Undergrad: 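Supplied in structure tokens, the structure appears directly below.
Index from 1, following the sequence. Note that the structure is predicted; figures quoted are calculated from it, not measured.
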Amino acid sequence: MPRRSRRASSVAAAAKISDTANDDNDSALLENTSSPEKPGVLKGTEKAAGAAAAEKATKKKTSPKKKKASPKKKTTTKKVKATAATSDDDDTPEPKTKKKAATKKRKTKSAASDDESSTAKKKKKAAPKKSKTKSASSSDDESLPTVKKTKSPTKKKKAADHQRWTERTPLTRHWDPEQAMASTGSYTFTVISWNVAGLRAFVKKQPDALMDLANKYGADVICLQETKLQEGHLDDKKLKLREYFEEKLEGFDSHWSYSLEKKGYSGTAMFIKKRQGVAKNGDGKKKQAKLGTFFGSLKGGEDKKNSSAKDTVSISALQLEPVNVDTELGLPAHDGEGRAITAEFPLFYLTNLYVPNSGQKLDRLGYRTKQWDADLLKKMQQLEKDGNKPVIWLGDLNVAHNEKDTWNEGAKHLAKSAGTTVEERASFEKQLSAGYTDAFRHLHPEGRGHYSYWSQRAGNREPNKGLRLDYFICSNELMEDVDGKKACVRDSYIVPDQLGSDHCPIVLEIEIKK
């Protein structure tokens, strides 16, 4: 407690004592009023004695309180608050104001100190959060290589993104065989090509497919690749393949090329429509007859409109009958695998090919591009020169020429995959630039999504994720409608709905003018 307040309380106590003493004195004076002797002296003496007694009492009471004040100075904030509360009952205004101000200051300081302590506590509590954040960031920094590894493939895919073309654009048919025959009397010579990926399995899965194709499109020639047959298979009593073809394609003559170097490998076949009305004169020469007598009947009922239309017009049979059929290229370096059959017709050469695949590891890439492709081009040029007629080579050529012939052009693996390497494409382009034309692309330059091969293992046929590996390559002069030329390519298209193999058939239509 402050010194003034203590003194004030002691003074108040002394005043009470003095008032008591004065009352006693007053009573004593009242008792002695009967005595006349010196009343004023008695009053002063009594008053002095009372004052002296009051001072003694005051000194006695104040002196011990002073000794007790020293420990009160050392009291804590709580004791100060209690003292301040008791001091509010004092009647002296000045000490009360100072005490309240001091108390407020102390409260403010204590509140500030409490705020500081609470802030410090909060900071201490927040410190672990910061450390957690730092540890998290540090852990993130430590895991950055892992994050980069997980994100890097996405970035690479975006950087090396490729096309995904699976939609088939509509194609315009350029030729109507029936209308052409009715209007000009010309004949449409139809060639079908199909890689059957093993003929023994094919005829079991699709026993009527070849017959149906011949009827639907009025086929004059059917070329097959990858038959995987040896010579003995045709006459095998268990397989009964010869009986099969005699029954299903009895109106066709068959020609076969087998792999001699490896069993169950490669192989090609060509079926050419018989011209039954062709007769020979006494000198052995062929005699012209009407077209309606040329075609043998096909199993499966009446012929479709294309084949039936061909029976209504007269044309020289000599233009449709093959002059010669050769089951080898005549190139010893390539003839052991049964990859080629060439039929010479009066107006052109027709060569059915199964071009070597470069292999999964591209181990035959050099052979394919530097030997086979180069020798094939020389062979075709030699045929043109010697026969003085255009050539057509066709079949599974095992190359996707450009971005329109692949669904995923730009994919990284294409550059290292057989059929889409830079070398194979460049070699194919070299062949075309030597005076030959890709018939389908020439007639349908903007056609997209028209593929002839789909990976069965990957299930790519239904979503149309394919490649165009099958072609008709024609001498440039066959693509031109020039007066005096008897043969002209009119249309080429793909039949993707025909099942039976991982490839589908392709069709070529050639006008034979009357």
Undergrad: Have E409 and H162 got a donor and an acceptor in their side chains that come within less than 3.5 Å?
TA: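 E409 vs H162: no donor-acceptor pair found between side chains.
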
Undergrad: Can we call the ring centroids of W393 and Y436 under 6.0 Å apart?
TA: yes

Undergrad: Tell me, please, which residues at least two apart from D502 pass salt bridge (Lys or Arg N to Asp or Glu O under 4.0 Å).
TA: none

Undergrad: Among E511, E480, E509, which residue meets the salt bridge (charged side-chain N to carboxylate O under 4.0 Å, His left out) test with R490?
TA: E511

Undergrad: Can we say E477 and K485 salt-bridge, meaning some charged N sits less than 4.0 Å from an Asp/Glu carboxylate O?
TA: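 Judged by the 4.0 Å cut-off on N to carboxylate O distance, E477 and K485 do form a salt bridge.
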
Undergrad: I'd like to know if E226 and K228 make a salt bridge, using a cut-off of under 4.0 Å between side-chain N and carboxylate O.
TA: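 K228 and E226: salt-bridged.
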
Undergrad: More than 12 heavy atoms of other residues, nucleotides or ligands under 6.0 Å from NZ of K430: is that the case?
TA: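 No.
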
Undergrad: Establish, yes or no, whether a centroid distance under 6.0 Å links the rings of F348 and F189.
TA: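 Ring centres of F189 and F348 closer than 6.0 Å.
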
Undergrad: Mind telling me whether W194 and F202 have parallel, tilted or perpendicular rings, with 30° and 60° as the class edges?
TA: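 The arrangement is perpendicular - the two ring planes meet at more than 60°.
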
Undergrad: For residues 342-368, which residue pairs pass the salt bridge (Lys or Arg N to Asp or Glu O under 4.0 Å) check, not counting sequence neighbours?
TA: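 Counting only pairs at least two positions apart or across chains, the salt bridge (Lys or Arg N to Asp or Glu O under 4.0 Å) contacts touching residues 342-368 are E337-R364, E344-K389, R368-D373, R368-E424.
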
Undergrad: Just to verify, what does S455 make a side-chain hydrogen bond (donor to acceptor under 3.5 Å, both in side chains) with, not counting sequence neighbours?
TA: none

Undergrad: Cation-pi check, R468 to Y451: give yes when NZ or CZ is under 6.0 Å from the six-membered ring centre and within 45° of the ring axis, no otherwise.
TA: no

Undergrad: Assert yes or no for the condition that the ring centre distance of F271 to W256 is strictly below 6.0 Å.
TA: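 Yes, the ring centres sit under 6.0 Å apart.
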
Undergrad: Scan side-chain atoms only and decide if N464 and H450 contain a donor-acceptor pair under the 3.5 Å cut-off.
TA: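 Distance-only check fails for N464 and H450.
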
Undergrad: With a 3.5 Å distance limit and no angle check, can you tell me whether E423 reaches the backbone of G366 through a side-chain donor-acceptor pair?
TA: no

Undergrad: Measure from the ring center of F428 to the ring center of Y471 and say whether it is less than 6.0 Å.
TA: yes

Undergrad: Do S186 and T184 pair up side chain to side chain, a donor and an acceptor below 3.5 Å, judged on atom types alone?
TA: yes

Undergrad: Are R242 and D235 ion-paired here, with the side-chain N under 4.0 Å from a carboxylate O?
TA: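 Salt bridge: yes.
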
Undergrad: Testing I192, N352, L210 for side-chain contact (heavy atoms from CB on, under 4.5 Å) with L224, which one passes?
TA: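 That would be L210; it is the only one of I192, N352, L210 passing the side-chain contact (heavy atoms from CB on, under 4.5 Å) with L224.
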
Undergrad: Could you tell me the separation between the CD1 atom of I494 and the OH atom of Y453, rounded to the nearest 0.5 Å?
TA: 15.0 Å

